[in-house]
Amino acid sequence: MPAYPPRLPVADRFVLTNATLPAVSVDGFAAPAREGLVSADLMISSGRIEAILPAGTAPAELPQADLNRSMVWPCFVDMHTHLDKGHIWERRPNPTGDFPGALDAVRTDREARWNADDVRARMAFSLKTAYAHGTSLIRTHLDSLAPQHRISFEVFADLREEWKDRIALQAAALFPLDMITDEAYFPDLIDTIVTHGGLIGGLTQMWPDLDQRLDLLFRAASDNGLDIDLHVDETQDKEVLTLKAIAEAKLRNRFEGTVTVGHCCSLARQDEDVAKQTIDKVAEAGIAVVSLPMCNMYLQDRHHGFTPRYRGVTLFHELAAAGVATAVSSDNTRDPFYAYGDLDAVEVFREAVRIIHLDHPLDTSARVVTRTPADILGRPDKGRIAAGLPADLVLFSARSWSEFLSRPQADRIVMRNGMGIDRSLPDYRDLDPLMRDPD
Ligand SMILES: O=c1cc[nH]c(=O)[nH]1
């Protein structure tokens, strides 16, 4: 019999023996690590991890599957996505492949096509995909210009309920912060976010009155008990640096909620001393940073007829070294902001390793799609393997980093509550009716 895939025991209590675990994503178990990988037996009982034991020590009388050194990860966390935009590429491509082209194409599509049925069908397609790939927690941003905010948040709330046993969902309202003084719009947006248990999102620019707008944002978040998740400095223009202003605003307003920022691309274009001052301020303010390497590589430094010089990503290592919580995530999938993508955290991780140099050493790198994003999203029960937690696991044939990062791991097994799930991906043909021109 081939060593992989293993035959999983059909039993309430069983053991996965001889597994290789990324130690950074495991709690309550210590063993000698090699490149951050440890060997262990996982005892599973009634769908939960009962114990993590040194390899070869699990009770022999229990049904067993010998994993033969296969890697086992916890289910993934994808902390910055755009499920509402996903999969519109076929009907609304981005002809220039750059940021302005994306904004324009999405606005046209949203205004023409994003009714509740359309948003629901595309979001459900994305959730099926992410689930099949092994993700159990997702935060999405929702384009929230009126009247879209109400449509998308209602659909989101329905899907959050429908999917609650498979994927935990969070949503942040994405709106341009220059709308914050619009008295017809902003209170209604806050009401929608509060009603549906969301977060306040937004996109910052170098407005002359940026600080005042940020104060309004922090006050609104504070008054309504909302956390904040912003799109920040998604540009190669080194004159753009709202990140420092956000950190200062959090400190100035003594904001007690969580603040997460995504992208922060222009930070990588700053002179060393300017970047250091910003990074120190972000660390002092306790702001978490999520990098979106695939989308950044795609959109940033794109000029027709020119070869890109920059990778587009933020100063990930420097932020992490300063003590900032850092993670990576999918961002957009098959929409004008990113033509590709499948909400597959393994792809995100593999690409992040290459683009951000998360390797040499890889010892703790697995944290960026597991433990750290789970902590940032306030879900310390996700993104790790620990006794007492559900046996939500992803089993790979790969035994080492080289094997893991060299293939797409399409033959992985996803286990939820101790049982292998059907990993069939939804068929793109299911989306065909949404791609036709409306009558
Ligand atoms: O990267 C981005 C920025 C704004 N909106 C998106 O959907 N993606």
Side-chain angles (χ1 to χ4, degrees), residues 78-89 91-94 96-111 113-114 118-119 122-123 126 130 138-145 148-149 151-153 155-156 170-179 189 198-206 228-237 240 242-243 246 260-268 289-302 308 310-314 316 327-343 348 351-352 355:
D78 210 348
M79 66 165 287
H80 180 123
T81 66
H82 291 267
L83 302 184
D84 57 341
K85 292 191 179 84
H87 303 289
I88 63 173
W89 181 267
R91 73 182 188 207
R92 200 75 60 184
N94 175 353
T96 53
D98 61 10
F99 195 85
L103 278 181
D104 200 43
V106 165
R107 183 177 30 77
T108 308
D109 197 74
R110 186 177 60 238
E111 289 173 1
R113 307 288 292 259
W114 291 22
D118 178 70
V119 173
R122 291 183 293 97
M123 282 178 74
S126 289
I138 293 181
R139 178 179 287 176
T140 182
H141 294 261
L142 298 176
D143 275 23
S144 290
L145 280 174
Q148 195 63 49
H149 59 315
I151 299 169
S152 293
F153 264 97
V155 171
F156 167 79
Q170 302 180 357
L174 174 56
F175 76 106
L177 269 188
D178 51 348
M179 298 286 293
L189 177 67
L199 295 91
I200 188 157
L203 202 139
T204 50
Q205 286 180 38
M206 294 291 283
I228 296 176
D229 192 334
L230 299 171
H231 279 67
V232 175
D233 302 340
E234 193 177 354
T235 172
Q236 295 300 292
D237 181 352
V240 173
T242 68
L243 177 57
I246 294 166
T260 305
V261 290
H263 296 291
C264 308
C265 308
S266 67
L267 183 63
V289 176
V290 58
S291 180
L292 298 311
M294 299 195 310
C295 189
N296 292 159
M297 188 96 141
Y298 175 82
L299 282 179
Q300 298 299 305
D301 201 25
R302 184 188 284 273
Y310 305 108
R311 292 175 187 227
V313 286
T314 193
F316 196 86
V328 302
S329 192
S330 288
D331 209 6
N332 298 75
T333 38
R334 299 184 69 239
D335 72 33
F337 284 89
Y338 184 55
Y340 319 112
D342 205 32
L343 291 171
V348 176
E351 294 304 306
I355 298 168

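We count ligands from 1, going down the list as the structure has it; atoms in each ligand are counted the same way.
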Next item on the list: Please report the C-alpha distance between D229 and Q170 in whole Å, then the side-chain angles of each, then the deciding distance to 0.1 Å, and finally whether the side chain to side chain contact (heavy atoms under 4.5 Å, CB included) criterion is met.
Entry: CA-CA 11 Å; D229 192 334; Q170 302 180 357; over 6 Å; no
Notebook entry, point to check: For ligand 1, which atoms, with element, lie under 4.0 Å from some heavy atom of D331?
Noted result: 1 (O)
Next item on the list: Run through N332, D143, D331, D109 and flag the one making a side chain to side chain donor-acceptor pair (under 3.5 Å) with K85.
Entry: D143
Check: Under 3.5 Å between some N or O of ligand 1 and some N or O of K85?
Finding: yes
Item checked: Aromatic ring pairing H263/H80, orientation class (parallel under 30°, perpendicular over 60°, tilted between) -> perpendicular
Item checked: Salt-bridge present (R91, D118; N to O < 4.0 Å) -> yes
Next item on the list: Select one of side chain, backbone, both or neither to describe which atoms of L292 lie under 4.0 Å from any atom of ligand 1, heavy atoms only.
Entry: neither
Next item on the list: Look only at interatomic distance and state if E234 has a nitrogen or oxygen under 3.5 Å from any nitrogen or oxygen of ligand 1.
Entry: yes
Check: Between N332 and ligand 1, which residue portion shows a heavy-atom distance shorter than 4.0 Å: side chain, backbone, both, or neither?
Finding: side chain
Checklist line | For R302, side chain to side chain contact (heavy atoms under 4.5 Å, CB included) partners two or more places apart | finding: D98, Y298
Check: Can you find a non-hydrogen atom of H141 under 4.0 Å from ligand 1?
Finding: no
